[in-house]
Colleague: 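A single structure is presented below for examination.
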Amino acid sequence: MAFKWKDKKDIWKGEGIYFVTFAVSGRQRLLGSLVRILKDQSYTPARPSDQLEPKQLEGRWNVEKYGEHTATVRKSQLGFLIADDLQNIEKRHPGYELCGKMIMENHLHAVIWVHDDGGKSIKQWVHGFRMGITKLA
């Protein structure tokens with residue numbers, strides 16, 4: 001299949017890969033906190049005012065490559081709930097596939113591949129997801 005840009009009127013409709021961003025009102029850090037990863041794989045708050053609960057972070061970090069700038073976001077309870085909800089998108093919306101997500105302190109990004117929109121535009125999913133996040137918060 002040859003590559004073709006969608007017409008402006010069809011940008012939010014049909015099959016496609018969509019990049020969406022959701023920002024917390026007032027940029028409040030409700031989704032997690034930034035932490036620095038140390039050489040021994042332990043972590044410390046990136047900001048002295050942040051409090052961390054003793055909880056292991058997921059993943060591995062290349063501290064040798066990035067040195068003191070190695071950091072990640074330790075998700076809050078709300079951040080974990082949102083991540084879980086995104087992970088299960090295919091169960092609630094057949095035809096939708098989560099290709100990637102990044103939850104930051106005050107916003108999140110998701111890449112959604114819509115194989116079959118079932119007659120609904122991705123805008124409708126975005127609106128519903130936003131309403132769901134608001135209820136969770």
Side-chain angles (χ1 to χ4, degrees):
M1 176 185 348
F3 177 81
K4 180 181 177 233
W5 289 107
K6 287 186 171 190
D7 292 331
K8 190 172 183 174
K9 64 181 173 50
D10 295 325
I11 285 177
W12 289 95
K13 297 178 186 171
E15 182 182 2
I17 298 174
Y18 299 90
F19 178 83
V20 293
T21 299
F22 298 89
V24 175
S25 177
R27 293 294 198 176
Q28 298 174 45
R29 297 181 306 174
L30 299 179
L31 306 181
S33 56
L34 187 65
V35 295
R36 285 185 290 188
I37 308 303
L38 305 175
K39 286 189 179 189
D40 65 358
Q41 297 295 303
S42 65
Y43 56 93
T44 182
R47 295 176 190 86
S49 62
D50 286 346
Q51 298 293 321
L52 293 178
E53 297 171 20
K55 188 165 187 176
Q56 187 175 355
L57 297 167
E58 301 172 34
R60 293 180 164 201
W61 303 275
N62 190 340
V63 178
E64 307 306 321
K65 182 175 181 182
Y66 298 108
E68 66 184 65
H69 302 292
T70 303
T72 189
V73 171
R74 184 182 166 282
K75 292 188 272 303
S76 66
Q77 183 179 5
L78 178 59
F80 276 112
L81 289 171
I82 292 169
D84 185 54
D85 194 58
L86 276 171
Q87 210 59 46
N88 293 309
I89 190 173
E90 295 166 37
K91 292 178 184 172
R92 286 183 315 285
H93 301 280
Y96 282 43
E97 179 182 345
L98 178 67
C99 295
K101 68 180 181 313
M102 178 58 68
I103 297 180
M104 306 300 286
E105 293 178 310
N106 56 21
H107 66 284
L108 67 101
H109 303 288
V111 178
I112 311 291
W113 186 350
V114 177
H115 299 281
D116 176 14
D117 65 5
K120 296 182 178 180
S121 77
I122 187 81
K123 267 187 174 180
Q124 290 171 298
W125 175 82
V126 166
H127 177 72
F129 186 74
R130 197 175 116 233
M131 298 305 289
I133 291 172
T134 302
K135 284 183 182 180
L136 285 173

Colleague: For I122 and D117: C-alpha separation, side-chain torsions, deciding distance, then whether side-chain contact (heavy atoms from CB on, under 4.5 Å) applies.
Modeller: CA-CA 7 Å; I122 187 81; D117 65 5; over 6 Å; no
Colleague: I'd like to know if the side chain of K6 and the backbone of K13 have a donor-acceptor N/O pair within less than 3.5 Å.
Modeller: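 Judged by distance alone, yes, a pair lies under 3.5 Å.
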Colleague: Tell me if the CD atom of Q77 is crowded by more than 12 foreign heavy atoms within 6.0 Å.
Modeller: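 Incorrect, the count does not exceed 12.
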Colleague: Parallel under 30°, tilted from 30 to 60°, perpendicular over 60°: which one fits the rings of H93 and W125?
Modeller: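 Because their plane-to-plane angle is over 60°, the rings of H93 and W125 count as perpendicular.
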Colleague: Looking at H127, I want to see if its NE2 is surrounded by more than 12 non-hydrogen atoms of other residues, nucleotides or ligands under 6.0 Å.
Modeller: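 Counting other residues, nucleotides and ligands, NE2 of H127 stays at 12 neighbours or fewer.
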Colleague: Looking only at non-hydrogen atoms, find the nearest pair between F19 and V111 and report the distance.
Modeller: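 Result for this residue pair: CD1-CG2, 3.7 Å.
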Colleague: Between atom NE2 of H109 and atom NZ of K101, what is the distance when rounded to the nearest 0.5 Å?
Modeller: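 Here the interatomic distance stands at 13.5 Å.
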Colleague: Can you confirm whether I103 sits close enough to F80 that some side-chain heavy atom of one is under 4.5 Å from a side-chain heavy atom of the other?
Modeller: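 When only atoms from C-beta onward are counted, F80 and I103 do not touch, as no gap falls below 4.5 Å.
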Colleague: Taking all heavy atoms of L86 and all of L98, pick out the closest pair and write down the distance.
Modeller: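 Taking L86 first and L98 second, the nearest heavy atoms are O-CD2, 3.5 Å.
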Colleague: Using the rule that two of Ile, Leu, Val, Met, Phe, Trp, Tyr join whenever any of their side-chain heavy atoms come within less than 4.5 Å, decide whether F22 and W12 are in one cluster.
Modeller: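 Hydrophobic grouping puts F22 with W12.
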Colleague: Over all heavy atoms of both residues, which pair between N88 and R92 is shortest? Give the atoms and the distance, please.
Modeller: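 Looking at all heavy atoms of both residues, the shortest contact is O-NH1, 3.3 Å.
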Colleague: Would you check if the side chain of E105 reaches a backbone N or O of L34 as a donor-acceptor pair within less than 3.5 Å?
Modeller: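 Between the backbone of L34 and the side chain of E105 there is a qualifying donor-acceptor contact (under 3.5 Å).
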Colleague: Could you check I17, V126, I89 and say which one makes a side-chain contact (heavy atoms from CB on, under 4.5 Å) with I112?
Modeller: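 That would be I89; it is the only one of I17, V126, I89 passing the side-chain contact (heavy atoms from CB on, under 4.5 Å) with I112.
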Colleague: What distance do M102 atom CE and T72 atom OG1 have between them, rounded to the nearest 0.5 Å?
Modeller: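 So the CE of M102 and the OG1 of T72 are separated by 7.0 Å.
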Colleague: When you compare the side chain of R29 with that of M104, does any pair of heavy atoms fall below 4.5 Å?
Modeller: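 Heavy-atom side-chain distance check fails, nothing below 4.5 Å.
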Colleague: Tell me the closest heavy-atom pair linking K75 and A83, and the distance in Å.
Modeller: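 Here K75 and A83 meet closest at CE-CB, 4.1 Å.
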Colleague: Let me check something: do I133 and V73 share a hydrophobic cluster, defined by ILVMFWY side-chain heavy atoms less than 4.5 Å apart, either directly or through other members?
Modeller: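 Not linked; separate clusters.
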Colleague: Count I, L, V, M, F, W, Y as connected when their side-chain heavy atoms are under 4.5 Å apart, and connections chain through other members. Are F129 and W113 then in the same cluster?
Modeller: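 In one cluster: no.
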Colleague: Which one of N106, L81, I82 satisfies the side-chain contact (heavy atoms from CB on, under 4.5 Å) criterion with L31?
Modeller: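 When side-chain contact (heavy atoms from CB on, under 4.5 Å) is applied between L31 and each of N106, L81, I82, only I82 qualifies.
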